[in-house]
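What follows is one structure encoded as structure tokens, with my remarks underneath.
When a residue number appears, it is its place in the shown sequence, counting from 1. A quick note: this is a predicted structure, and the numbers were derived from the prediction, not measured.
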Amino acid sequence: MTVLARRKPVGILPWVIGGILVLGAGAWMGLPYLTGGNPEQQETRTIETWLAANAKMLPIEKTDNTQFASLLKKDDGQALLVMNQPAKEGSVYQVWSVLGDNIEPLGTIKLRTLQVNTIGLEALLVSLEPEGGSESPTRILGDVQLK
């Protein structure tokens, strides 16, 4: 009898188990990608998407001319405010719309980004506020003119 004839037949079960293990490991390793990753990774992907869409970049500077943020603005008026760094613990960045003497809150930024609609606005103002935001700007960091 030859060696091949003496060999016991291997069933399909080991192949199925091996496949399940390989697929399971692949799914586990890819889980952050499939679920969108952590908030910082999600924001980075959002910024990359806006840059790939050729959004116009406007710097936002403090009164001493140091840039602390950028505004990525599309032709349709949609804009993404991107802070250079997250707000410190217990604080948030708050974004305000400016139209004439009227200043209205648009939202707060805990990490780095906020999407806003700039249609009809003259400027955006950014302030640093206590967590939760404020009814009016208290510590103004700077602004960006839109017109």
> If you draw a 6.0 Å radius around CG in D75, do more than 12 non-hydrogen atoms from other residues or ligands fall strictly inside?
Replying inline: no
> Residues in side chain to side chain donor-acceptor pair (under 3.5 Å) with S134, at least two apart?
Replying inline: E129
> Linking I/L/V/M/F/W/Y whenever any side-chain heavy atoms sit under 4.5 Å apart, do L71 and I109 land together?
Replying inline: yes
Donor-acceptor contacts, no H, no angles, side chain residues 139-147, under 3.5 Å, sequence neighbours left out:
none

>> Please report the interatomic distance OG(S97) to CG(N102), rounded to the nearest 0.5 Å.
In response: 6.5 Å
Side-chain donor-acceptor contacts of residues 49-67 below 3.5 Å, not counting sequence neighbours, with atom names and distances?
from : atom 1 : to  : atom 2 : distance (Å)
T49  : OG1    : R45 : O      : 2.9
D64  : OD1    : T66 : N      : 3.1
D64  : OD1    : T66 : OG1    : 2.7
Q67  : NE2    : A69 : O      : 3.2
Q67  : NE2    : S70 : OG     : 2.8

> Honestly curious: do V82 and F68 fall in one hydrophobic cluster under the side-chain, below-4.5 Å linking rule?
Replying inline: no
What side-chain donor-acceptor pairs closer than 3.5 Å can you find for residues 110-121, not counting sequence neighbours?
from : atom 1 : to   : atom 2 : distance (Å)
K110 : NZ     : S91  : O      : 3.3
R112 : NE     : M83  : O      : 2.9
R112 : NH2    : M83  : O      : 3.4
T113 : OG1    : E43  : OE2    : 3.0
Q115 : NE2    : Q78  : OE1    : 3.4
N117 : OD1    : I119 : N      : 3.0
T118 : OG1    : G77  : O      : 2.7

> Heavy atoms, side chains only, cut-off 4.5 Å: are P137 and I103 in contact?
Replying inline: yes
>> Let me check something: do L106 and L81 share a hydrophobic cluster, defined by ILVMFWY side-chain heavy atoms less than 4.5 Å apart, either directly or through other members?
In response: yes
>> Using the side chain to side chain contact (heavy atoms under 4.5 Å, CB included) criterion, which residues pair with Q85? Sequence neighbours excluded.
In response: Y93
> Do I47 and L80 touch side chain to side chain, with heavy atoms closer than 4.5 Å?
Replying inline: yes
